[in-house]
Amino acid sequence: VGKHRQRITRRQFLKRTAAGMALGLIGRPSFSIADEEYDLAAISGEPVAATKKALEAMGGITRFVKKGQRVVLKPNMSFSRTPDFSATTHPLVVATVAQACMEAGAQQVLVLDHTLQRAELCLERAGIREACKNISGAHVLALQEKKFFGEIKIPQGKVLERVEVFKEILDGHVLINIPVAKSHSATGVSLGLKGLMGIIWDRESFHSQFNINQAIADLATVIKPKLTILDATRALASGGPGGPGEVKKPNLIIAGIDPVAVDSYGVSIVPWYGQNFKGRQVEHLLVAHQRGLGKIDIDQLKIYKGTV
Amino acid sequence: MRRILQALSLLLFSTLFALATYKLPDWLPADIYLRLDPLLGLNAIFAGREIIGRALWALVTIGATVVIARFFCAYVCPMGVSIDFLDFLLFRKKKRQNLKAESSLRKIKYFLLVIFIITAITGLSLAFLMDPMSLLTRFYTFFIYPLTITLVNLLLDLLRPLFQILGWVTLSHLHYFQSVYYMTAITFLIFGGILALNRLVPRFWCRYLCPLGAFLSFLSPLGFFKRRVNEDCNECLKCQKACPMGAVAEDPRATRLPECIQCRTCAEVCPQHAITFPASFSLGGEYSKVDLSRRGFLYSLAGGLGVGFLGMQTPYILKQGKHPLIRPPGAIPESDFLRTCIRCGECMKSCLTNTLQPSLWESGFSGLWTPKMEPRLAPCDQNCNVCGKVCPTQAIRSLSLEEKTHAKVGTAVLRKEMCLVWAENKLCLICDEICPYNAIVFRPVEGYRRPVVVASKCNGCGFCEQRCPVKGDSAIVVIPNGEIRLKEGSYTSEAKKLQLEFKPDPGDDKYILEESGFNTEEKKKGRESVLPKEKTQPQKPKGFL
């Protein structure tokens with residue numbers, strides 16, 4: 001282990017040197033890694049450090065959030081479960097991203113989810129509100145009323161013609177999706193694409209009325225997060241989405257622009273229900289891929305892997 | 001001065017009422033007004049045949065009344081405050097004369113008191129019908145509270161554009177959960193009726209009807225402070241007209257001590273300043289006897305016994321194991337529960353999820369307004385134990401979360417003829433997905449995985465019933481079967497004894513993987529050569545190909 005760590009350190013050292021040089025040249029340290037334009041960053045480590053590193057590897061938060069912009073972070077805080085159940089996004093991951101957005105000059109950061117259980121309980125138990133309370137400009141809110149949703153048309157929809165989503169997403173907020181890695185009893189896994197169901201009003205119809213896999217893909221044609229940061233610091237490998245279930249600890253943060261690619265990589269990191277799967281084996285990911293919404297084969301992706 | 005104290009009392013009552021909610025700190029007795037009420041205390045102790053710790057707080061009220069007479073009605077009682085305030089708003093300008101039947105009307109409250117006490121002794125809790133504390137808390141729960149939320153949300157909606165312009169993010173997204181209850185209308189009508197009676201004479205309720213007032217009247221003459229009129233009195237009778245309780249006798253120098261609530265209105269209006277309230281040990285004269293005739297007493301005694309008998313005439317009371325209601329977790333055994341519950345509605349107000357609702361006739365006359373769980377509407381949340389915390393008579397025991405989890409309220413039962421999976425071979429696993437205790441598993445039956453309840457893991461929380469996607473009635477319902485109702489002792493050890501286990505553990509999701517009906521086209525393709533065609537029983541969890 002020691003040897004391994006040493007090697008990483010050297011590599012980091014070289015990277016930092018390169019970063020320093022780049023800084024000297026263009027004064028933009030984030031370009032140091034982004035020069036290469038990775039599809040994904042998969043960083044192993046503690047939540048805060050790994051999240052920071054993943055952002056950096058994707059070109060820095062400034063690539064996605066410009067000064068004065070308003071940002072919506074969409075973590076999963078739909079269940080009144082504490083973080084150890086792994087049914088919700090790790091609070092520190094969300095707080096780290098929120099902090100980074102504010103430092104990048106965001107006007108405000110809204111951390112939003114349409115919770116499944118009582119809003120107040122979810123906010124209290126998931127710990128995200130608590131983690132973000134000292135970040136000025138960041139607001140953690142659970143929205144459970146229709147009045148906070150507005151309609152958007154889905155021109156390329158196969159099963160959905162329109163859907164109601166958070167009004168903020170309609171009026172030009174930058175959307176960053178921060179799902180947690182978990183199993184799901186209806187869709188196999190619930191990662192980034194499935195997690196976006198947390199921004200819509202009528203989730204029930206996805207389950208009861210439509211083919212949920214097509215509906216998720218329909219939604220993905222109109223809701224395109226600038227960045228997806230998959231919190232796989234823990235993964236709920238069974239019993240999802242609400243838990244309780246088997247909690248694994250991959251200790252990973254996976255970030256990427258391509259939502260299908262992020263999810264597909266997320267599928268590969270742990271066995272789900274005790275069995276290994278590829279992204280292609282998850283129906284809603286395959287559907288999304290086939291409809292041109294992203295890459296699904298991870299061996300064709302350029303992945304920045306790192307440990308912090 | 002009195003107005004200020006009254007306003008403060010109502011404010012305190014309202015504040016404690018508002019605080020009676022999830023996260024109520026353990027040290028805060030949100031139900032203190034109800035505990036202080038000696039009538040409710042006596043009622044619960046007599047009917048329940050047990051000394052109830054919280055009810056002993058009523059001794060404070062009794063003690064204070066013995067010292068300073070019937071001050072409670074004028075200074076503390078939030079019902080009295082409400083009546084005074086609304087009287088001022090509605091009937092201030094109406095000319096009202098003392099009723100001719102004043103003296104006999106006044107007796108009604110004593111008869112009612114006797115009836116309620118006797119009824120309690122027969123084992124029927126009935127004082128809630130007319131006890132002011134219970135009445136008012138109920139009115140607050142079923143009317144004021146939902147109305148306030150509606151109004152606040154309306155206000156927030158109106159101001160929302162402004163908040164948005166100002167960039168007040170939290171306020172522009174603020175919305176409060178709207179609680180709804182059965183029996184709001186009937187509760188409102190009762191309270192409205194009490195107010196309307198004021199049109200006839202001020203404090204009609206307090207003078208003639210209030211059984212708590214009657215109880216305090218008995219003690220009132222013992223109080224130290226008594227009205228005294230000195231020789232300056234010119235018999236202008238202003239005090240008699242002004243007295244809200246009709247406590248000034250025909251001779252304005254004399255006082256009906258049981259009726260006097262120490263409000264001192266008479267002293268304020270007296271042009272001669274002839275009225276004072278010095279300490280005195282006399283028990284008052286002829287006007288201070290509580291004039292319950294022997295005949296009246298006997299009638300009300302008989303009335304109490306009669307009502308007690310009538311109240312018991314519900315089959316479910318006699319066969320308590322057959323009552324059809326899901327009671328809140330920690331509710332003591334049904335017959336004790338009915339005897340001890342004072343129907344204040346505090347548990348239903350504080351209920352986090354709004355699952356607690358008042359019963360109408362479901363368990364007969366004796367079960368009016370008692371709390372029941374309505375799992376189709378909302379489940380009982382695992383992290384909440386507030387209903388027991390606020391119960392003034394501990395008809396719902398105050399339990400730790402651990403204990404409350406083990407206070408099984410019932411068992412979920414699948415109604416196969418309605419279940420989408422059992423009846424229609426559809427894929428649905430919402431009940432399994434939502435169950436916090438993994439009490440629902442899937443078993444392969446006739447080629448489909450079908451949900452089955454593991455009764456020993458189900459504590460009746462009702463998440464499944466609430467979330468079942470079948471329209472109308474749920475295909476999985478919680479029935480009282482298997483409920484644990486203990487008057488004392490630990491629910492946890494009782495549950496252990498019964499080999500029940502309510503643990504949020506991963507459970508056996510392997511069923512989803514091994515025996516379920518999932519789409520495995522890709523796998524099929526790969527195996528087609530090896531496997532016989534008919535072997536298409538899918539092998540993957542839903543969502544995986």
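Chain identifiers are assigned alphabetically (A, B, ...) following the order of the sequence lines, protein sequences preceding nucleic acid strands; residue numbering begins at 1 within each chain.
- When A:Glu120, A:Glu168, A:Gln144 are compared by the number of non-hydrogen pairs under 4.5 Å with chain B, A:Glu168 comes out ahead.
- B:Cys435 and A:Pro244 make their closest contact through O-CD, 4.5 Å (heavy atoms, listed as atom of the first residue, atom of the second, distance).
- The candidate with the highest count of non-hydrogen atom pairs below 4.5 Å against chain B, out of A:Gln108, A:His139, A:Gln107, A:His284, is A:His139.
- Of the residues considered (B:Ile430, B:Ile434, B:Leu174, B:Leu352), B:Leu352 shows the highest number of contacts with chain A, using heavy-atom pairs under 4.5 Å.
- Heavy atoms of A:Val140 lying under 4.5 Å from chain B are absent altogether.
- Using a 4.5 Å cut-off between heavy atoms, B:Leu420 does not touch chain A at all.
- Side-chain contact between A:Leu116 and B:Arg467 is present, with heavy atoms from C-beta onward closer than 4.5 Å.
- For the residue pair A:Glu124 and B:Tyr22, a side-chain donor N or O sits within less than 3.5 Å of a side-chain acceptor on the partner.
- Contact between A:Leu143 and B:His173 at its shortest, heavy atoms only, is CD2-CD2, 3.7 Å.
- A:Arg81 is listed as a side-chain neighbour of B:Gln382, based on a closest heavy-atom distance under 4.5 Å.
- Counting non-hydrogen atoms of neighbouring residues, nucleotides and ligands closer than 6.0 angstrom, the NZ atom of A:Lys249 reaches no more than 12 such neighbours.
- Within a 6.0 Å sphere centred on CZ of B:Phe177, heavy atoms belonging to other residues, nucleotides or ligands number more than 12.
- Using a 4.0 Å cut-off between charged nitrogen and carboxylate oxygen, A:Lys147 and B:Asp157 count as a salt-bridge pair.
- Looking at A:Ser80, both its backbone and its side chain come within 4.5 Å of chain B, counting heavy atoms on both sides.
- Remark: B:Cys384 SG to A:Arg118 CZ distance equals 9.5 Å, nearest 0.5 Å.
- Only the side chain of A:Leu110 comes within contact range of chain B, judged by heavy atoms closer than 4.5 Å.
- For chain B, the nearby part of A:Leu286 is the side chain; its heavy atoms alone come within less than 4.5 Å.
- Rounding to the nearest 0.5 angstrom, the gap separating the CG atom in A:Leu121 from the CG atom in B:Asp381 is 4.5 Å.
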